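This one's a predicted model, so the numbers in the text were calculated from it and none came from an experiment. Throughout, numbering of the chain's residues begins at 1 and tracks the sequence.
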Amino acid sequence: MTIGLNGMRQRVGASLFERVAGPDGAANRDRIDTTPGPRWFAEGSAIRRVHSDASMFVGGLRALLLQSLHPLAMAAVAGHSGYRSDPWGRLQRTSTFLAMTTFGTAQHAEEAIAHVRAVHERIRGTAPDGRAYRAADPHLLGWVHAAEIDSFLRCYQRYGPKPLSSKECDSYVADTARIAEGLGVLGPPRSRADLAAVLDAYRPELRGTAQARDTARFLLFKPPLPLLARAPYTALASAAVAALPPWSRWPLRLPYFPPVERTAVQLAGHGIVGLLRWAMA
């Protein structure tokens with residue numbers, strides 16, 4: 001029985017890893033693990049604990065939903081990211097960047113950041129409301145960063161194996177600031193209080209556009225997944241929606257049922273995250 005369960009875990013874990021990390025995932029993992037040299041973040045650091053946990057699946061989906069509420073960020077994603085035509089490729093590029101900057105050598109991190117900055121410099125256009133945008137705009141990057149790390153941290157605190165202390169939460173935000181500065185964010189938050197203030201400061205700029213609502217429907221109800229994966233994904237998506245701030249629900253036309261979310265949805269979220277953690281151990 002134990003051998004059978006271990007074999008199942010290995011098969012499911014390998015399949016998940018290939019989906020998330022892509023065809024070069026194993027080579028990138030070996031490169032990260034075996035390359036000697038100084039790292040930006042030490043073993044056991046807050047950022048390593050958060051970014052290595054399966055709660056990132058929930059956090060990543062929450063981040064995409066929250067980020068979509070900025071019309072210019074949403075326009076850039078809709079026009080250039082390929083999230084519809086190549087959603088797995090986008091996920092794989094993001095996971096590789098997180099792995100390189102969190103666990104790789106300083107050189108790995110700097111190379112990954114330089115690559116993303118070069119891509120951002122080429123992305124520009126006009127949003128449906130007529131405003132011009134640039135992916136390299138420090139203000140826009142600041143929103144994307146704040147929404148992302150707030151999502152990763154909140155979902156880890158809710159679904160991680162052991163929540164971070166208040167001091168460790170501040171350390172996590174400070175750790176991520178190093179990466180954000182490399183990408184071009186000016187004055188990124190360095191504590192949880194700073195992060196909350198930054199998110200509040202962006203609130204007047206946020207709204208639910210047609211592009212944002214269309215993206216939410218795609219991410220939550222029309223993911224490119226085989227039939228057998230739909231039920232687990234529904235639990236994951238429900239957990240991501242339940243982790244969003246209440247004020248973000250109506251602009252995206254998402255339901256808000258606190259009693260259900262605190263009980264059935266959260267229980268299902270713990271179940272699917274625990275299953276993912278077991279498979280990818």
Ignoring hydrogens and angles, state whether a donor on the side chain of Q67 or H145 is under 3.5 Å from an acceptor on the partner side chain. no

Give the cluster check for M100 versus F152: same hydrophobic cluster or not, with ILVMFWY residues linked at side-chain heavy-atom distances below 4.5 Å. no

Name all pairs fulfilling the salt bridge (Lys or Arg N to Asp or Glu O under 4.0 Å) condition that reach into residues 131-149, sequence neighbours left out, sorted by first residue then second. D129-R131

Applying a strict under-4.5 Å side-chain criterion to I, L, V, M, F, W and Y, I'd like to know whether L65 and F218 cluster together. yes

Pairwise side-chain contact, S166 with R192, heavy-atom cut-off 4.5 Å (strictly under): no

What is the minimum heavy-atom distance between A146 and L195, and which atoms define it? O-CD1, 3.7 Å

Once side-chain hydrogen bond (donor to acceptor under 3.5 Å, both in side chains) is applied, do any residues pair with D194, and if so which ones, sequence neighbours excluded? S191

At their closest point, which heavy atom of C155 faces which heavy atom of V58, and how far apart are they? SG-CG1, 3.7 Å

Is the NZ or CZ atom of R249 both under 6.0 Å from the centre of the six-membered ring of W247 and within 45° of that ring's axis? no

Which residues satisfy the ring pair (Phe, Tyr, Trp, His ring centres under 6.0 Å) test with Y156, sequence neighbours excluded? none

Could you state whether V116 and I113 fall into the same hydrophobic cluster, counting links through intermediate Ile, Leu, Val, Met, Phe, Trp or Tyr residues with side-chain heavy atoms under 4.5 angstrom apart? yes

Residues Y202, H139; criterion side-chain contact (heavy atoms from CB on, under 4.5 Å); working and verdict: CA-CA 10 Å; Y202 278 98; H139 183 70; 3.3 Å; yes

Please step through side-chain contact (heavy atoms from CB on, under 4.5 Å) for the pair Y159 and L276, ending with a clear verdict. CA-CA 11 Å; Y159 295 111; L276 291 167; over 6 Å; no

On a heavy-atom basis, which atom in A177 and which in R190 lie closest, and how many Å separate them? CB-NH1, 3.6 Å

Nearest heavy-atom approach of S248 to L244 is OG-CB, 3.4 Å

Does A243 offer a backbone N or O that forms a donor-acceptor pair with the side chain of R62 under 3.5 Å? yes

Which atom names give the shortest non-hydrogen contact between P255 and V241, and what distance separates them? O-CG1, 4.3 Å

Note, Y233 side chain near L220 side chain (heavy atom, < 4.5 Å): no

Cut-off 3.5 Å, side chains only: do Y172 and H51 have a donor facing an acceptor? yes

Over all atoms of both residues, closest heavy-atom pair of T105 and R39: CG2-NH1, 3.1 Å

Ring pair (Phe, Tyr, Trp, His ring centres under 6.0 Å) involving F257 - partner list, sequence neighbours excluded: none

Heavy-atom neighbours of E111 CD exceed 12 at 6.0 Å: yes

Using only atom types and a distance under 3.5 Å, with no angle test, would you say the side chain of R203 pairs donor to acceptor with the backbone of D200? no

For H115, which residues count as a ring pair (Phe, Tyr, Trp, His ring centres under 6.0 Å) partner, sequence neighbours excluded? none

Shared ILVMFWY cluster between L64 and L72, side chains joined below 4.5 angstrom? no

What about F103 and L153, same hydrophobic cluster or not, with Ile/Leu/Val/Met/Phe/Trp/Tyr joined at side-chain heavy-atom distances under 4.5 Å? no

Any salt bridge (Lys or Arg N to Asp or Glu O under 4.0 Å) involving residues 151-177? Give me the pairs, sequence neighbours left out, ordered by first then second residue. R49-E168, D150-R154

Any side-chain heavy-atom pair of W143 and L66 under 4.5 Å: yes

Run the side-chain contact (heavy atoms from CB on, under 4.5 Å) test on M74 and T209 for me, step by step, so that the C-alpha distance in whole Å, both residues' side-chain angles and the decisive distance to 0.1 Å come before the verdict. CA-CA 9 Å; M74 186 62 251; T209 62; 4.3 Å; yes

E261 vs S238, test: side-chain contact (heavy atoms from CB on, under 4.5 Å). Steps then yes/no. CA-CA 8 Å; E261 291 175 5; S238 299; over 6 Å; no

